[in-house]
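Whatever order the structure lists ligands and atoms in, that order sets their numbers, starting from 1.
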Amino acid sequence: MVSRIIPVDAFDLVIFGATGDLANRKIFPGLFRRFLAGQMPDEARLIGAARTEQSREEFQTQIRAAIKEFVAPAKQDATQIDAFIERLHYVSIDARGEAGWSELKSLIRPEVINAFYFSVAPALFGDLAERLKTHGIAGNDARIVVEKPFGRDLASARKLNAALAEHFEEHQIYRIDHYLGKETVQNLMAVRFANILFEPIWNSQYIDHVQITVAETVGVGGRGSYYDKSGAMRDMVQNHLMQLLCMIAMEPPYHFDPNAVRDEKLKVIRALQPVPPQDIVRGQYLGWHRDDQEKPMPGYLEDSEDPNSKTESYIAMKVHIANWRWKNTPFYLRTGKRLRARTSEIAITFKEPPHSIFDEAEGSWQPNQLVIRLQPNEGMNLKMMIKEPGPGGMRLKQVPLDMSFAQALGEEGTDMPDAYERLIMDVIRGNQTLFMRGDEVEAAWAWTDPIIQGWEERGDTPSPYDSGTTGPDDALMLMHRDGRRWRHIK
Ligand SMILES: NC(=O)C1=CN([C@@H]2O[C@H](COP(=O)(O)OP(=O)(O)OC[C@H]3O[C@@H](n4cnc5c(N)ncnc54)[C@H](OP(=O)(O)O)[C@@H]3O)[C@@H](O)[C@H]2O)C=CC1
Ligand SMILES: O=C1O[C@H](COP(=O)(O)O)[C@@H](O)[C@H](O)[C@H]1O
């Protein structure tokens, strides 16, 4: 079975920052894959824009190389690449200058969908928004797509929102959080709201706690200067982990509709309790000499190039949501770089049955757990108690009801669009459900800011941890002292 392709209408998509890393690694390769999938109409036009002076042909050569490097060899069909490349145009534009805009205007067809992807530093968002309007390029139906980071605190996020709002309505603004474009993250909503099984027990009466883990093996090398001003809290928790938490915690929206979904997420963010310092562990990775590598891998302080940096590359925290559904069910979040494995998952641990009828089974009982694997091997695992087979009496054993989406769905489950492809196509379709609304981003910063300010005021230093491990030992204590354990990162 092959996945159902929903065709989009004709469009002109301008990518500002077309010579940059994100455009080359994700955006253009993703657009090529959508082209291969037959989702791009013949009339689609893709226009790259950046300051670099180059011809259309030189830009086409750049994107050819990007496709070669970042698209799987099995998809490298020369005829298809030629056909895709034909759709590419290039305009040299400085976001802060006036040259190039009339050339861009001449390429934009007002009768088709117009979208403008700001794949540039956030400091340029306001300049681009303003010039798109003053040069009469973006009409009232045009869409703009903005990348993260959307601010570094509440004040800067408000400023960015205000700068965009001067020229565009909220329904035209698509704030990207690429986690929302991941297949399994959307599956969370299907699992919760398309099945009757879970909803009656989806609350603090039945759920003991929730663990959200996004573990990475990569360090911050190459992005040290950006990351050092950000840290795991701003880079991952304020956005990606927050969105995962919202998907688990939100009330059922009345409809799968952009504002209905985002209203419910916003309520969750607003209900997040302040987090006291004892409920947060920050870490920073140390250098590592792996047996299989000749050279030692640098520690965070070398990667960040600031030998005194107090920025965290790891964070674990216990979060409470102050509402009826979640009172007394903690959410434990953790994310870090240079950990043992690349694993992203959400684990929901249920409470024990109110009374056990199996006296002999005492001690062997383990809680039901629903584990939703976001990556790798996307799928779900429901851990259940059954009788241990054999004549040994009523002894209980925990077994997994494990489903890998790839296996369950066959070809349909393996050839999924990646997050960026899906989100760009949603922009063209005009569907904002998987994009963050301005008030949502501000609410997330309003919760994050006091936590970061507390570290800065106290001069907190992150705990060092060995690369290739599960993070600092203090993070184990965060759970142990509550009589709980983190799931193993493997
Ligand atoms: N790379 C990634 O994996 C991710 C990136 N992001 C975000 O995406 C955005 C782009 O990131 P990335 O591609 O890595 O950045 P790069 O530094 O690699 O690229 C920046 C792009 O902006 C262009 N640019 C810079 N100044 C101007 C200007 N004054 N006018 C017009 N264009 C300009 C540059 O081209 P030129 O010099 O030719 O003008 C280049 O094309 C950033 O906001 C980043 O935070 C978010 C998530 C992941
Ligand atoms: O936005 C970001 O996400 C990546 C992790 O994304 P994934 O899709 O590979 O899980 C992270 O490495 C990066 O620091 C952060 O900016």
Side-chain angles (χ1 to χ4, degrees), residues 14-30 48-54 58-59 62-63 66 70 90-101 104 116-128 130-132 145-152 160 175-185 212-244 300 303-304 311-315 335-339 341-345 373-376 378 418-420 422-423:
V14 179
I15 290 114
F16 291 103
T19 55
D21 174 70
L22 186 67
N24 280 285
R25 223 162 30 82
K26 292 282 185 190
I27 301 174
F28 283 102
R51 282 173 310 182
T52 301
E53 299 277 354
Q54 61 178 341
E58 283 167 320
F59 178 61
Q62 173 205 313
I63 299 302
F70 298 112
Y90 183 80
V91 186
S92 169
I93 281 187
D94 184 334
R96 293 188 164 144
E98 302 310 324
W101 293 96
L104 178 62
F116 302 90
Y117 196 134
F118 296 2
S119 179
V120 295
L124 299 175
F125 291 175
D127 299 292
L128 289 176
E130 185 188 338
R131 282 173 177 75
L132 283 172
V145 185
V146 295
E147 263 300 336
K148 70 167 279 216
F150 198 86
R152 64 181 325 272
L160 270 182
R175 294 174 194 79
I176 289 226
D177 182 313
H178 79 276
Y179 263 60
L180 288 176
K182 288 182 190 273
E183 183 68 18
T184 323
V185 176
I212 302 180
T213 300
V214 178
E216 298 187 87
T217 50
V218 291
V220 304
R223 303 169 69 213
S225 60
Y226 151 75
Y227 192 92
D228 205 48
K229 289 189 219 78
S230 169
M233 187 71 180
R234 288 191 173 100
D235 187 50
M236 296 295 287
V237 177
Q238 185 272 348
N239 38 75
H240 305 324
L241 275 82
M242 175 79 77
Q243 291 297 323
L244 298 180
Y300 180 83
D303 276 343
S304 77
T311 301
E312 75 287 352
S313 60
Y314 175 98
I315 189 162
T335 181
K337 306 256 181 221
R338 280 280 188 77
L339 297 180
R342 181 172 187 249
T343 305
S344 299
E345 63 166 42
R373 292 187 301 268
L374 307 178
Q375 57 196 26
E378 290 87 338
D418 89 351
Y420 278 93
R422 178 187 310 271
L423 292 174

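Counting protein heavy atoms under 4.0 angstrom from atom 17 (O) of ligand 1 gives zero.
Atom CG of residue L423 and atom CD1 of residue I176 lie 5.0 Å apart, to the nearest 0.5 angstrom. With values rounded to the nearest 0.5 angstrom, S119 atom OG is found 5.5 Å from E147 atom CD. The distance from the CG atom of N239 to the OH atom of Y179 is 9.5 Å, given to the nearest 0.5 Å. Atoms CD1 and CG, on I315 and L241 in that order, are 9.5 Å from each other to the nearest 0.5 Å. Distance CG/D177 to CE/M242: 10.5 Å, rounded to 0.5 Å.
Using bins of under 30°, 30° to 60° and over 60° for the plane-to-plane angle, the ring pair F118/F125 lands in the tilted bin. Ring orientation note: the planes of F116 and F16 are close to parallel, at an angle under 30° on the 30°/60° scale.
Close approach of ligand 1 to P149 (heavy-atom distance below 4.0 Å) involves ligand atoms 45 (O). Atoms of ligand 1 lying under 4.0 Å from at least one heavy atom of D94, given by number and element, are 28 (C), 29 (N), 30 (N). Within ligand 1, the atoms closer than 4.0 Å to a non-hydrogen atom of A18 are 41 (O), numbered from 1 in the order shown. Which parts of ligand 1 touch A95 is read off a 4.0 Å heavy-atom cut-off, strictly below it: atoms 28 (C), 29 (N), 30 (N), 31 (C). Residue contact check: I93 has heavy atoms under 4.0 Å from atoms 30 (N), 31 (C) of ligand 1. When each atom of ligand 1 is checked for a heavy atom of P122 under 4.0 Å away, the hits are 43 (O).
Taking distance alone, with nitrogen or oxygen atoms compared against 3.5 Å, G20 approaches ligand 1 more closely than that limit. Taking distance alone, with nitrogen or oxygen atoms compared against 3.5 Å, L22 approaches ligand 1 more closely than that limit. The N/O atoms of A50, backbone and side chain alike, include none that comes under 3.5 Å of an N/O atom in ligand 1. Backbone and side-chain nitrogen or oxygen atoms of V120 are examined, and one is located within less than 3.5 angstrom of a nitrogen or oxygen of ligand 1. Of the polar atoms of T19, at least one N or O is found under 3.5 Å from an N or O of ligand 1, judged by distance alone.
Looking from atom 10 (C) of ligand 1 to the surrounding protein, the closest heavy atom is S119 O, 3.3 Å. The closest protein non-hydrogen atom to atom 21 (C) of ligand 1 is G17 CA, 3.6 Å. Closest to atom 38 (O) of ligand 1, if we only count protein heavy atoms, is T52 OG1, 2.4 Å. Among protein heavy atoms, atom 1 (N) of ligand 1 sits closest to D21 OD2, 2.7 Å. Among all non-hydrogen protein atoms, the one lying nearest atom 46 (C) of ligand 1 is E147 OE1, 3.2 Å.
Of the candidates R25, R51, K26, the one placing a heavy atom closest to atom 26 (N) of ligand 1 is R51.
Ligand 1 lies within reach of K148, whose nearest heavy atom is under 4.0 Å from it.
Checking side-chain atoms of R131 against main-chain N and O of R96 turns up a donor-acceptor pair under 3.5 Å. At distances below 3.5 Å, at least one donor-acceptor pair connects side-chain atoms of S92 with backbone N or O atoms of R51.
Taking the side chain as every heavy atom from C-beta outward, Y420 and L22 approach each other to under 4.5 Å.
Nearest approach of A66 to N24, heavy atoms of both residues: CB-O, 3.4 Å. Nearest approach of A18 to G48, heavy atoms of both residues: CB-CA, 3.5 Å.
Checking each of K229, K148, H240 against D235 for a side-chain hydrogen bond (donor to acceptor under 3.5 Å, both in side chains) leaves exactly one that passes, namely K148.
Salt-bridge check for E216 with K337: passed, with a basic side-chain N closer than 4.0 Å to an acidic carboxylate O.
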Report all N/O contacts between ligand 2 and the protein shorter than 3.5 Å as a table of atom names and distances to 0.1 Å; if there are none, say 'none'.
from: ligand 2; atom 1: 1 (O); to: K148; atom 2: NZ; distance (Å): 2.9
from: ligand 2; atom 1: 1 (O); to: H240; atom 2: NE2; distance (Å): 2.8
from: ligand 2; atom 1: 6 (O); to: H178; atom 2: NE2; distance (Å): 3.2
from: ligand 2; atom 1: 8 (O); to: H178; atom 2: NE2; distance (Å): 2.8
from: ligand 2; atom 1: 8 (O); to: K182; atom 2: NZ; distance (Å): 2.6
from: ligand 2; atom 1: 9 (O); to: R342; atom 2: NH2; distance (Å): 3.1
from: ligand 2; atom 1: 10 (O); to: Y179; atom 2: OH; distance (Å): 2.5
from: ligand 2; atom 1: 10 (O); to: Q375; atom 2: NE2; distance (Å): 2.8
from: ligand 2; atom 1: 12 (O); to: E216; atom 2: OE1; distance (Å): 2.5
from: ligand 2; atom 1: 12 (O); to: E216; atom 2: OE2; distance (Å): 3.3
from: ligand 2; atom 1: 12 (O); to: K337; atom 2: NZ; distance (Å): 3.0
from: ligand 2; atom 1: 14 (O); to: R223; atom 2: NH1; distance (Å): 2.8
from: ligand 2; atom 1: 14 (O); to: D235; atom 2: OD2; distance (Å): 2.6
from: ligand 2; atom 1: 14 (O); to: K337; atom 2: NZ; distance (Å): 2.6
from: ligand 2; atom 1: 16 (O); to: K148; atom 2: NZ; distance (Å): 3.0
from: ligand 2; atom 1: 16 (O); to: R223; atom 2: NH2; distance (Å): 3.0
from: ligand 2; atom 1: 16 (O); to: D235; atom 2: OD1; distance (Å): 2.7
from: ligand 2; atom 1: 16 (O); to: D235; atom 2: OD2; distance (Å): 3.4

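Ring pair Y314/Y300: centre-to-centre distance not below 6.0 Å.
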